[in-house]
Undergrad: 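Quick one: this structure, given as structure tokens, is what I'll be asking you about.
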Amino acid sequence: MEKIKIVGIGGSLTENSNSLFALEYALRGAAELGAETTLFDIDKLNLPMYDTRINHVPPMAQAMCNAVAQAHGLIWCSPLYHGTISGAFKNALDWLELLSNHTPKYLTNKVVGLVSTAGGVQGLQAINTMEFVVRALRGWTVPVTVAIARAWQIFDEKGNLQDPAIEKQLYLLGKEVVLGSRRFAQVEV
Ligand SMILES: Cc1cc2nc3c(=O)[nH]c(=O)nc-3n(C[C@H](O)[C@H](O)[C@H](O)COP(=O)(O)O)c2cc1C
């Protein structure tokens with residue numbers, strides 16, 4: 001069978017981004033099951049605001065969309081900003097509009113795992129928002145989600161996780177995305 005490709009999108013416009021660290025752990029979980037993983041860091045993507053009037057697609061937006069189109073599964077990770085996903089993360093998702101003319105459209109037959117980091121304990125709000133987007137883009141979310149509360153206590157400045165239970169959850173989520181992606185890859189659609 002073709003190697004399963006998993007694309008991670010996440011992080012934030014900050015140094016030592018907790019959401020980027022969390023995404024890296026989840027992608028490692030996916031890699032442990034043999035997946036080929038690619039990470040798109042929101043900070044490095046440096047995308048302009050999505051604008052319907054553009055006549056020049058930024059190369060990084062195109063690269064992200066090409067990778068998403070090739071991927072079997074995705075892992076998204078946003079920080080919780082004011083009770084929802086961050087603007088920078090949502091802007092990256094808006095650029096997936098480039099896949100509106102792709103066949104199949106958007107995230108059809110792709111599996112998505114959702115992770116958030118929060119300063120407080122309401123990270124599930126970002127997960128729920130992301131789930132709306134996945135459904136709007138015709139994707140399928142996996143049952144496991146990881147909403148990391150008080151993320152500033154959980155990661156050190158090098159991105160090492162201080163909590164083995166959360167590490168286990170992130171790896172599990174990464175693996176579940178691979179397992180779900182394999183199922184879709186086996187079924188003729
Ligand atoms: C503009 C802004 C808004 C935030 N809003 C919330 C919030 O509503 N609830 C919360 O628990 N944490 C909030 N936080 C804290 C972040 O969710 C938390 O620090 C997160 O781990 C940041 O991830 P990052 O390091 O990847 O940027 C906010 C942080 C910023 C900068």
Side-chain angles (χ1 to χ4, degrees), residues 4-12 19-20 22-23 25-27 29-30 33 35 37-42 45 47 49-52 57 61-118 121-149 169-170 172-189:
I4 293 295
K5 297 189 193 79
I6 305 296
V7 164
I9 303 175
S12 72
S19 52
L20 186 67
L23 179 58
Y25 272 90
L27 286 172
L33 278 193
T37 64
T38 308
L39 170 59
F40 288 93
D41 171 356
I42 294 294
L45 275 172
L47 297 171
M49 285 299 283
Y50 178 78
D51 185 334
T52 57
V57 176
Q62 192 63 60
M64 178 183 74
C65 287
N66 291 347
V68 169
Q70 297 288 315
H72 300 91
L74 304 166
I75 302 176
W76 292 356
C77 183
S78 173
L80 183 71
Y81 272 17
H82 302 159
T84 184
I85 56 178
S86 72
F89 181 79
K90 179 59 167 66
N91 184 49
L93 298 186
D94 288 347
W95 279 103
L96 296 180
E97 184 59 20
L98 297 178
L99 297 176
S100 62
N101 293 322
H102 190 266
T103 306
K105 276 175 178 250
Y106 300 117
L107 305 183
T108 303
N109 301 330
K110 297 188 200 299
V111 172
V112 188
L114 303 176
V115 181
S116 71
T117 61
V121 295
Q122 307 290 343
L124 202 55
Q125 292 173 327
I127 302 273
N128 290 338
T129 308
M130 286 190 269
E131 186 156 27
F132 294 145
V133 181
V134 174
R135 291 212 301 262
L137 297 180
R138 307 179 185 192
W140 301 72
T141 53
V142 297
V144 171
T145 59
V146 185
I148 303 176
Q169 287 170 27
L170 288 168
L172 180 66
L173 177 136
K175 288 180 175 165
E176 202 163 281
V177 171
V178 177
L179 294 176
S181 298
R182 274 193 197 142
R183 290 288 170 104
F184 271 96
Q186 280 164 358
V187 177
E188 199 67 42
V189 280

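Residue numbers start at 1 and run along the sequence shown.
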Undergrad: With rounding to the nearest 0.5 Å, note down the distance linking CG in N91 to CD1 in I85.
TA: 10.5 Å

Undergrad: Measure across S78 and S19 and return the closest heavy-atom pair with its distance rounded to 0.1 Å.
TA: C-CB, 4.1 Å

Undergrad: Determine the sole option in L93, I127, T141 for which the side-chain contact (heavy atoms from CB on, under 4.5 Å) test with W76 is passed.
TA: L93

Undergrad: Say whether, by atom type as modelled, one donor and one acceptor occur between the side chain of K110 and the main chain of A69 under 3.5 angstrom.
TA: yes

Undergrad: Side chains of V144 and Q169: closer than 4.5 Å at any heavy-atom pair?
TA: no

Undergrad: Check the pair K5 / T38 against side chain to side chain contact (heavy atoms under 4.5 Å, CB included), numbers first and verdict last.
TA: CA-CA 8 Å; K5 297 189 193 79; T38 308; over 6 Å; no

Undergrad: Is the backbone of L80 close enough, under 3.5 Å, to the side chain of T84 for a donor and an acceptor to pair up by distance?
TA: no

Undergrad: Rounded to the nearest 0.5 Å, how far apart are CG of N101 and NZ of K105?
TA: 6.5 Å

Undergrad: Minimum heavy-atom separation for A22 to I148, with atom names?
TA: CB-CD1, 3.8 Å

Undergrad: Evaluate V178 against I6 for side chain to side chain contact (heavy atoms under 4.5 Å, CB included), listing each step before the verdict.
TA: CA-CA 7 Å; V178 177; I6 305 296; 4.1 Å; yes

Undergrad: Drop me the distance from L99's CG to L107's CG, to the nearest 0.5 angstrom.
TA: 7.0 Å

Undergrad: Run the side chain to side chain contact (heavy atoms under 4.5 Å, CB included) check on F184 and W140 step by step: do they pass?
TA: CA-CA 10 Å; F184 271 96; W140 301 72; 3.5 Å; yes

Undergrad: Going by ring-ring contact (aromatic ring centres under 6.0 Å, His included), name the residues that satisfy it together with Y106, two or more places apart in sequence or in a different chain.
TA: none

Undergrad: What distance do E97 atom CD and L137 atom CG have between them, rounded to the nearest 0.5 Å?
TA: 8.0 Å

Undergrad: Closest approach of T37 and L27, non-hydrogen atoms and distance?
TA: CG2-O, 3.6 Å

Undergrad: Going through the distances and angles, do V112 and V133 end up as a side chain to side chain contact (heavy atoms under 4.5 Å, CB included)?
TA: CA-CA 11 Å; V112 188; V133 181; over 6 Å; no

Undergrad: Is it the case that the side chain of D41 and the backbone of L20 share a donor-acceptor pair, with hydrogens and angles ignored and the cut-off at 3.5 Å?
TA: no

Undergrad: Just by distance, with hydrogens left out, do S86 and S12 show a side-chain donor and acceptor under 3.5 Å apart?
TA: no

Undergrad: Shortest non-hydrogen contact from V142 to T145?
TA: O-CG2, 4.4 Å

Undergrad: Would you name the heavy atoms of S116 and L124 that are closest together and state the gap between them?
TA: OG-N, 4.5 Å

Undergrad: Going by atom types only, do Q62 and N66 share a side-chain donor-acceptor pair under 3.5 Å?
TA: yes

Undergrad: Once you round to the nearest 0.5 Å, how far does CZ of F40 lie from CG of L74?
TA: 10.5 Å

Undergrad: Check for a donor-acceptor pair, side chain of H72 on one end and backbone N or O of I4 on the other, with a separation under 3.5 Å.
TA: no

Undergrad: Within the distance-only criterion (no hydrogens, no angle test), does the side chain of T108 pair as donor or acceptor with the backbone N or O of P104 below 3.5 angstrom?
TA: no

Undergrad: On a heavy-atom basis, which atom in C77 and which in T117 lie closest, and how many Å separate them?
TA: SG-CG2, 4.5 Å

Undergrad: I'd like to check V115 versus L23 (side-chain heavy atoms, cut-off strictly below 4.5 Å). Are they in contact?
TA: no

Undergrad: Using 0.5 Å steps for rounding, measure from the CH2 atom of W95 to the CG atom of L45.
TA: 11.5 Å

